[in-house]
Amino acid sequence: MNYQAQVNVTLKKSVLDPQGKTVLHALHSLGFEETRDVRVGKYFEVKVEASDVKKAEEKIRKMCEKLLINPVIEQYSFKVSEG
Amino acid sequence: MKAAVLVFPGSNCDTDCFHALKDVMKMSVEYVWHKERSLAKVDLVVLPGGFSYGDYLRTGAIARFSPAMEAVKKHADQGRYVIGICNGFQILLEAGLLPGAMLRNKTLSFICKRVWLKVEDVNNPFTCRLKKNGVLSVPIAHGEGNYYCDDDVLKKLQDQSRVVFRYCSQAGQLGESFNPNGSRDHIAGLVSEKRNVLGMMPHPERVSEAILGCEDGKKIWESLLAEVSS
């Protein structure tokens with residue numbers, strides 16, 4: 001079966017995000033004063049073959065832990081669907 | 001003294017490191033391509049600066065899986081010396097040979113300039129010929145040198161005197177205005193628990209001979225030479 005994972009990576013809450021702060025200030029200066037905070041992250045689309053959805057999820061989790069994220073500064077979440 | 005300079009696709013300070021060690025310091029030096037699985041018996045391995053794998057994903061994140069990095073880990077486990085400069089430091093962090101991680105500079109811009117470094121520790125092979133609390137002038141050139149670690153790791157680094165260099169003023173004062181990239185606790189360089197692995201963002205190889213206007217970086221190589229020959 002073919003699966004597709006959508007992986008979102010963000011900096012941990014405890015880590016300052018200077019890029020997010022800069023975007024926040026830009027939004028404020030463009031008139032979006034109601035913006036409270038912005039965090040900039042990364043998004044991956046990973047296509048993977050697996051016998052079932054559980055196996056696909058397990059593979060994606062391993063990919064995240066091993067390469068896609070750095071657990072010192074980042075956290076991740078993902079969704080796996082057929083396709 | 002024998003040294004190896006690792007070369008990754010995208011390394012661009014490898015030739016400078018090679019020149020400083022071979023022509024200036026008269027060491028026996030060889031290049032080692034990142035695909036090599038073993039290292040000849042050398043005293044020192046240098047992970048040079050640059051943009052290994054184009055800094056894709058995260059700085060150093062892909063280079064850390066190069067075959068040569070397994071050999072570097074073995075070399076370090078045997079208590080021999082490793083220095084990672086700039087991108088080399090980033091690779092050591094990703095490889096887990098040093099704790100912590102690098103974030104984008106607080107200014108979000110690439111910074112290329114001379115900075116002042118306070119020598120915070122001389123009880124390690126890289127600065128044993130330097131004066132504690134002395135100040136060095138060494139250039140930085142990076143976009144991601146904003147060192148980060150959590151509170152527990154920071155305390156451990158402080159308790160074990162593993163912070164070797166901090167960004168400072170010319171007079172050696174610490175402060176936000178002397179910290180170019182937002183690095184935690186003004187950290188510019190640190191050593192491993194066994195003190196045989198050093199990671200530093202500034203480039204000592206660029207200030208290793210008088211013709212370059214400064215020889216402050218040479219003192220690190222002199223310390224290593226003294227340590228190895230002792």
Side-chain angles (χ1 to χ4, degrees), chain A residues 3-32 35-49 56-80, chain B residues 52-66 69-70 87 89-111 142-157 176 179-187 190 192 199:
Chain A
Y3 293 94
Q4 180 168 300
Q6 298 171 306
V7 185
N8 278 300
V9 179
T10 51
L11 287 171
K12 283 180 176 172
K13 292 272 179 293
S14 54
V15 176
L16 281 175
D17 177 11
Q19 207 178 171
K21 284 277 173 288
T22 305
V23 175
L24 174 68
H25 292 146
L27 287 172
H28 283 165
S29 65
L30 288 169
F32 298 102
T35 318
R36 288 289 158 263
D37 198 19
V38 178
R39 308 277 288 173
V40 177
K42 284 181 202 164
Y43 171 71
F44 298 88
E45 278 176 358
V46 185
K47 288 185 175 155
V48 65
E49 245 181 58
E57 284 174 352
E58 195 45 42
K59 279 187 189 181
I60 296 295
R61 193 167 294 116
K62 279 190 181 146
M63 288 180 200
C64 287
E65 304 283 338
K66 181 132 197 199
L67 178 67
L68 299 186
I69 73 142
N70 180 337
V72 177
I73 47 172
E74 293 169 328
Q75 57 193 12
Y76 69 97
S77 62
F78 64 87
K79 215 168 59 189
V80 172
Chain B
S52 58
Y53 291 92
D55 277 353
Y56 293 161
L57 188 62
R58 294 178 307 277
T59 55
I62 299 180
R64 67 156 288 204
F65 291 109
S66 285
M69 285 306 294
E70 281 305 312
N87 187 225
F89 186 10
Q90 294 163 339
I91 296 168
L92 290 175
L93 293 171
E94 283 282 344
L97 282 161
L98 292 171
M102 285 298 173
L103 298 168
R104 289 276 294 275
N105 292 345
K106 68 180 173 190
T107 57
L108 297 180
S109 53
F110 188 96
I111 306 169
H142 60 245
E144 307 205 14
N146 181 353
Y147 179 78
Y148 172 84
C149 62
D150 64 27
D151 293 345
D152 294 343
V153 171
L154 184 63
K155 185 166 185 311
K156 206 168 159 191
L157 292 177
E176 281 309 315
N179 179 339
N181 52 30
S183 188
R184 188 138 202 222
D185 200 26
H186 315 301
I187 291 173
L190 60 100
S192 61

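Sequence lines set the chain letters: A, B, ... in the order given, protein chains first and strands last, and positions in each chain run from 1. Values below: every heavy atom of this structure, side chains too, minus hydrogens, waters and symmetry copies. Model, not experiment: these values are computed from the prediction.
Within 6.0 Å of atom NZ in Lys62(A), 12 or fewer heavy atoms from other residues, nucleotides or ligands are found, so the atom counts as exposed in its surroundings. Counting non-hydrogen atoms of other residues, nucleotides and ligands closer than 6.0 Å to OH of Tyr56(B) gives a total of 12 or fewer.
In this structure, the portions of Ser14(A) lying under 4.5 Å from any heavy atom of chain B include both its backbone and its side chain. Of the atoms belonging to Leu16(A), it is backbone heavy atoms, and not side-chain ones, that fall under 4.5 Å from chain B. Looking at Leu103(B), only its side chain comes within 4.5 Å of chain A, counting heavy atoms on both sides.
Ranked by heavy-atom pairs under 4.5 Å with chain A, the list Ala101(B), Cys149(B), Pro99(B), Ala61(B) is led by Ala101(B). When Asn105(B), Leu108(B), Leu93(B), Asn146(B) are compared by the number of non-hydrogen pairs under 4.5 Å with chain A, Leu108(B) comes out ahead.
Close approach to chain B, defined as a heavy atom under 4.5 Å from one of its heavy atoms, is seen in Lys42(A), Phe44(A) of residues 36-45 of chain A, taken by number. At a heavy-atom separation below 4.5 angstrom, chain B is approached by Leu67(A), Leu68(A), Ile69(A), Asn70(A), Val72(A), Ile73(A), Glu74(A) within residues 67-80 of chain A.
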